[in-house]
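Below is one structure, written out as structure tokens; comments come after it.
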There are 2 protein chains.
Amino acid sequence: MEILPHLSNTFVFRGLQPLQLEQVAQFSSLKKVRKGETIFYDGDSADAFYALAHGRIKVYKLSVNGDEHILHIIQKPGDLFAEAAIYDLETFPANCQALVDSEVIRISKDGFISFILENPKVSLLALAAYSRRIRELVKITEELVFHDVKSRLASHILENRMTKNGQMIYVRNGSKKELAAYLGTIPETLSRALAFLKSKEIISERKRTMTVLDPCRLRTFAD
Amino acid sequence: MEILPHLSNTFVFRGLQPLQLEQVAQFSSLKKVRKGETIFYDGDSADAFYALAHGRIKVYKLSVNGDEHILHIIQKPGDLFAEAAIYDLETFPANCQALVDSEVIRISKDGFISFILENPKVSLLALAAYSRRIRELVKITEELVFHDVKSRLASHILENRMTKNGQMIYVRNGSKKELAAYLGTIPETLSRALAFLKSKEIISERKRTMTVLDPCRLRTFAD
DNA sequence: AAAAATCCTTGACAAAAATCAAAAACTAAA
DNA sequence: TTTAGTTTTTGATTTTTGTCAAGGATTTTT
């Protein structure tokens, strides 16, 4: 059980005393999930929440005709998911599936609640985590309402870019279908948006790496 | 100072002991705001959060060209707003303005944090409140991605309807412009969506009251 | 390396929604 | 009540996005 190092890497439990971590470990368990495996379904009874140990997890909703909309992709070890369901909901409000072979930590709802009651400082960390998620979601709705696909793509690239020897690059880690779902559109529309940016020589693309050729003009599309 | 009854009506402080309420009152203050008055602007430093005593408040973002998108309308006394900014943000992430003459309770950030640390049970209530907001926002993004304006309108009516002597009615409390912004669209498009539902005799409208003539068919548009 | 499967792109078209402009309906003020 | 103001509706048009279908490209499997 090498669960402790993973726990101390979650931002809710980071900075806890070793003794407190031991307590948390008592109501937590490590679970391996294979690529494509579902961790929980929309509507499943929610008696736990999860932290990512390593891998890639998607949290998504399905529309009546089966289109999926990705609400959240968890890929940073230590990030929590499904916490929203814990406090006042009986069932999970979305589906959750591993995109690659992953390991997740399952943290029991009841265990966590009694732990919080005994360790009030932890609750402030949890509240902060929640408020971050809220702002993330507010950002998403704002993007959806104010901006078209081109500009949502531009923002996304600018917010997730890295710099590699002077070049501004964005490395896509999922499929384009996934990226499209994340941006609230479909692969065809994403493809056209990308084609547009490439035709204007604002970005270039090779494999999973996009290079931003003209950051300035990309920014004008982003807002 | 008739602040105590208002406090005990907020869902974070509901159920608190009189003594605890007194404590909360010490770092809270009642503020009158006139219609149109701004409570805080996007970017203002966030050293407090708010609860509605009575009135109507909008929390909204402005796009670069001045279009407003309403993220949240607070009209239920006791509802919190601007809490997201408290825990890990220095500034408010949106604007906030009174839609009618209102009274709000300003709750100091520092005061609240020390209070939580001494009263861990309250944090569970706060966490529950947060998770509700998260689900609300998830619901909004989902609606925006999956559904067109007609169906967002239909859902909205169905979720906010009341029953008055056998009739299923929806009473609009803001302007249509406000409703349009809330639904993530513009007044013209809302107007057309309404005209459509009226032409099909699914709803009728008189003043600010819409009567649902055919709940069944309205529901088919909602999903 | 060939075959199969999946993913991505492109085109033609249809639908949804935004924009612009103007008229109509409603409200509030003089 | 008349006027002035705002809000709402309607029409014509354009832009954006989705749908469907087909062809390429890429990856995976055998």
Side-chain angles (χ1 to χ4, degrees), chain A residues 34-36 58 63-70 99-101 141-156 172-200 203-210 221-222, chain B residues 35-36 58 63-70 99-101 141-156 172-200 203-210 221-223:
Chain A
R34 301 222 153 273
K35 171 176 176 174
K58 69 174 171 188
S63 75
V64 273
N65 38 324
D67 298 336
E68 82 171 33
H69 174 228
I70 295 177
L99 291 168
V100 299
D101 291 357
T141 62
E142 204 192 322
E143 285 278 324
L144 289 171
V145 170
F146 289 144
H147 301 301
D148 59 19
V149 174
K150 259 204 274 294
S151 93
R152 300 202 302 262
L153 172 62
S155 304
H156 179 78
R172 173 168 49 87
N173 25 28
S175 66
K176 291 202 174 172
K177 198 172 135 198
E178 257 169 66
L179 179 57
Y182 181 76
L183 295 174
T185 187
I186 54 174
E188 290 96 322
T189 302
L190 169 62
S191 188
R192 284 179 237 270
L194 271 170
F196 172 84
L197 291 177
K198 282 188 276 187
S199 79
K200 297 272 175 189
I203 61 168
S204 68
E205 192 185 20
R206 238 182 69 198
K207 299 256 172 190
R208 21 190 69 260
T209 305
M210 298 177 204
F221 281 106
Chain B
K35 170 175 177 175
K58 69 173 171 188
S63 75
V64 274
N65 40 323
D67 298 337
E68 80 171 35
H69 174 226
I70 296 178
L99 291 167
V100 300
D101 290 356
T141 62
E142 205 191 325
E143 285 277 325
L144 289 170
V145 171
F146 289 144
H147 301 301
D148 58 19
V149 173
K150 261 204 273 293
S151 93
R152 299 198 309 258
L153 172 62
S155 303
H156 180 76
R172 171 168 52 88
N173 24 29
S175 66
K176 292 201 174 173
K177 198 173 135 198
E178 259 170 65
L179 178 57
Y182 181 74
L183 295 174
T185 186
I186 56 174
E188 291 95 320
T189 303
L190 169 63
S191 189
R192 285 178 235 270
L194 271 170
F196 172 84
L197 291 176
K198 283 188 276 188
S199 79
K200 298 271 176 189
I203 62 167
S204 67
E205 191 184 21
R206 238 181 69 197
K207 300 254 173 193
R208 24 190 65 261
T209 305
M210 298 177 203
F221 281 105
D223 53 39

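Note on naming: letters A, B, ... go to the chains in the order of the sequence lines (proteins, then strands), and numbering restarts at 1 for each one.
- In this view, A:S191 satisfies the side chain to side chain contact (heavy atoms under 4.5 Å, CB included) rule with no residue, not counting sequence neighbours.
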Requested in this report: Go through the steps for B:M210 and B:L197 under the test side chain to side chain contact (heavy atoms under 4.5 Å, CB included), then give the verdict.
Outcome: CA-CA 11 Å; B:M210 298 177 203; B:L197 291 176; over 6 Å; no
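- Atom pair A:H147:NE2 and C:dA17:P shows a separation of 19 Å (rounding to whole Å applied).
- Rounded to a whole Å, the CG atom of A:L99 is 12 Å from the P atom of C:dC7.
- Atom CG of A:D148 sits about 10.0 Å away from atom CD of A:E143, to the nearest 0.5 Å.
- Look at CZ on B:R172: it is 12 Å from P on D:dT7, rounded to the nearest Å.
- The heavy-atom pair separating A:S151 from A:F221 by the smallest distance is CB-O, 2.6 Å.
- Taking every heavy atom of residues 148-155 of chain B and every atom of DNA chain C, pairs under 4.0 Å involve B:D148, B:V149, by number.
- Closest to the side chain of B:E205, from the set D:dT9, C:dC8, D:dT17, is D:dT9.
- Within the model, atoms CZ of B:R152 and CG of B:L144 stand 5.0 Å from one another, a figure rounded to the nearest 0.5 Å.
- The CG-C1' distance, from B:L179 to D:dT9, rounds to 15 Å in whole Å.
- Within residues 186-198 of chain A, the residues having any heavy atom closer than 4.0 Å to DNA chain C are, in order of number, A:E188, A:S191, A:R192, A:A195.
- Between B:T185 and C:dA18 there is a side-chain polar atom (N or O) within less than 4.0 angstrom of OP1 or OP2.
- Listed by chain and residue number, A:E205 satisfy the salt bridge (charged side-chain N to carboxylate O under 4.0 Å, His left out) test with A:K176 (two or more places apart in sequence, or in another chain).
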Requested in this report: Determine which bases of DNA chain C form Watson-Crick or G-U wobble pairs with both distances under 3.5 Å, and write the result as a 5' to 3' dot-bracket string with | for other-strand partners.
Outcome: ||||||..||||||||||||||||||||||
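- For the side-chain hydrogen bond (donor to acceptor under 3.5 Å, both in side chains) test, no residue two or more places apart in sequence or in another chain qualifies with B:K200.
- In this view, A:R206 satisfies the side-chain hydrogen bond (donor to acceptor under 3.5 Å, both in side chains) rule with no residue, not counting sequence neighbours.
- Contacts of B:E142 classified as side-chain hydrogen bond (donor to acceptor under 3.5 Å, both in side chains), with partners at least two apart in sequence or in another chain: none.
- As rounded to whole Å, 11 Å separates atom P of D:dG18 from atom CG of A:L144.
- Legend: residues meeting side-chain hydrogen bond (donor to acceptor under 3.5 Å, both in side chains) with A:K35, ordered by chain and number and at least two apart, are absent.
- Closest heavy-atom contact between B:R208 and B:G174: NH1-O, 3.7 Å.
- A straight line from CG of A:L183 to P of C:dC8 spans 13 Å, rounded to a whole angstrom.
- With contacts defined as side-chain heavy-atom distances shorter than 4.5 Å, the pair A:K177/A:L190 does not qualify.
- The two residues A:H147 and A:A222 have their closest heavy-atom pair at CE1-O, 4.1 Å.
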Could you list the donor-acceptor pairs under 3.5 angstrom formed between side-chain atoms of residues 179-189 of chain A and any protein atom two or more places apart in sequence or on another chain?
none

Requested in this report: Mark up nucleotides 22-30 of chain D, 5' to 3', with B wherever a protein heavy atom is under 4.0 angstrom from a base atom, S wherever such an atom reaches only the sugar-phosphate, and - elsewhere.
Outcome: ---------
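- As a whole-Å value, the separation of B:K176 NZ from C:dA24 C1' is 13 Å.
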